[in-house]
Q: 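First the structure, then my questions, so here it is.
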Amino acid sequence: MFDLKQSIAEWRCQMLAAGIKTPVPLEELEIHLHEEIGRLVESGLDEQNAFNTAVQKMGPMPAIRNEFENAGVAQRGRNWLIFEIFFLAGALCLPILVGAQAFYLKDGRFSEMTSSQQISSLAAAATLSFLALGMRFICGKFPVVHTKRIRDAILGSVVIWLLAWVALAAAGIMPRYDFSEAQKGVASLWGFVPFGILVGWASGHANAARKKLATTVS
Amino acid sequence: MITKELVAASTEPLILSLLAGGESYGYALTQEVKRLSGDKIAWTDGMLYPVLHRMEHRGLIKARWGQSETGRKRKYYALKKDGRTAIAKHHEQWSLVHSVLAGLRKEQYV
């Protein structure tokens, strides 16, 4: 017994395997397939023949993939991969860099740190990275915002909050206390820790939305 | 049937001209071209979308997600200002080609 929904799901898997992995083109192609099947069924074909005809009319998958690559759509997928690599590398390298500064290089504010401040600096950097990576990987469990505009707005608000917090800390909070340079360094690092959650959430959420759109059968 | 090369060359001007009549979506564009050409211009369905995306990246058209009357998602395309300018250029160029061809044909029969 022919199952149209299952056949479309298999077609989608074949498109993914052929390399059409960016969500928008695949979703558009699937919508087109649905429209054509609907028209063919209305004209009298049974679902199986309508599906086969519609898939045939869609054209060869490698050729479609090549055309999308030429159109620069695949480039965005590659850009996203590069972003992910930088995100992971940044999150993993931050504690290493802070640790190297605190314990070995001791430049600037790190030069006067006591051993407990060195450990605190490293702990702050590690916590920030842990929160960013943790949020990045658990975001798939949260409901996904499908609208890119809303996701961009959320990401923009994260950046605004980050800048506002930095300005407030630098101009409003730090001058009130008679911190040594070493204490300012430690306080600054801990001040950035909550943003590990926000940055990890923003990155993870965007990634979860991409994956969800790529694998959902409408 | 029109040759593959001519179909490819005419896709962008045809899309722009169709969108000059108002926003539309991929499937409707393919059906409209088929209807207007008496089935002589048949786009390979899947090939239309890379062209639409390329035109969108170039700023000729813009896209928005909407819904069909049955509730299914649809991506609607509409002309942008640069798209209207591009139509004028396409018409000028295709008219020139047409007039040269027509002139040559006329000369052969005079």
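Computed over heavy atoms, backbone and side chain alike; hydrogens, waters and symmetry mates excluded. Please read these numbers as outputs of a predicted model, since none were measured by experiment. Per chain, numbering begins at 1; letters A, B, ... match sequence-line order.
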Q: Within a 6.0 Å radius of atom CH2 on A:Trp161, are there more than 12 heavy atoms belonging to other residues, nucleotides or ligands?
A: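 Check fails, neighbour count at 12 or below.
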Q: Which atoms of B:Gln31 come close to chain A, meaning under 4.5 Å heavy atom to heavy atom: side chain ones, backbone ones, both, or neither?
A: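 Looking at B:Gln31, just its side chain touches chain A.
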Q: Using salt bridge (charged side-chain N to carboxylate O under 4.0 Å, His left out) as the criterion, point out the one residue from B:Lys75, B:Lys73, B:Arg72, B:Arg74 that pairs with A:Glu27.
A: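 Result: among B:Lys75, B:Lys73, B:Arg72, B:Arg74, B:Lys73 is the only option passing the salt bridge (charged side-chain N to carboxylate O under 4.0 Å, His left out) with A:Glu27.
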Q: Counting only heavy atoms not in B:Tyr76, do more than 12 sit closer than 6.0 Å to its OH atom?
A: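 Atom OH in B:Tyr76 is packed in, count exceeds 12.
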Q: Can you tell me how far OG1 of B:Thr30 sits from CD of A:Glu36, rounded to the nearest 0.5 angstrom?
A: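 Rounded to the nearest 0.5 Å, the CD-OG1 separation comes to 7.0 Å.
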Q: Shortest non-hydrogen contact from A:Lys57 to B:Thr44?
A: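 Looking at all heavy atoms of both residues, the closest pair is O-CG2, 3.7 Å.
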Q: Does atom CZ (A:Phe103) have a neighbourhood of more than 12 heavy atoms from anything else shown, all under 6.0 Å?
A: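 Yes, CZ of A:Phe103 has more than 12 neighbouring heavy atoms, counting only those of other groups under 6.0 Å.
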Q: So what's closer than 4.5 Å to chain B heavy atoms on A:Gln56: side chain, backbone, both or neither?
A: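 Neither part, no heavy atoms under 4.5 Å.
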Q: Closest approach of A:Ala63 and B:Met47, non-hydrogen atoms and distance?
A: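 Shortest heavy-atom separation between A:Ala63 and B:Met47 comes out as CB-CE, 3.2 Å.
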Q: How long is the gap from CD on A:Glu35 to OG1 on B:Thr70, to the nearest 0.5 Å?
A: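 So the CD of A:Glu35 and the OG1 of B:Thr70 are separated by 7.0 Å.
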Q: Hey, could you give me the CD1/OH distance between A:Ile64 and B:Tyr49, rounded to the nearest 0.5 Å?
A: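 Reported to 0.5 Å precision, the distance equals 10.5 Å.
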Q: If you round to the nearest 0.5 Å, how far is CD of A:Glu28 from NE2 of B:His53?
A: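 One gets 3.5 Å once the value is rounded to the nearest 0.5 Å.
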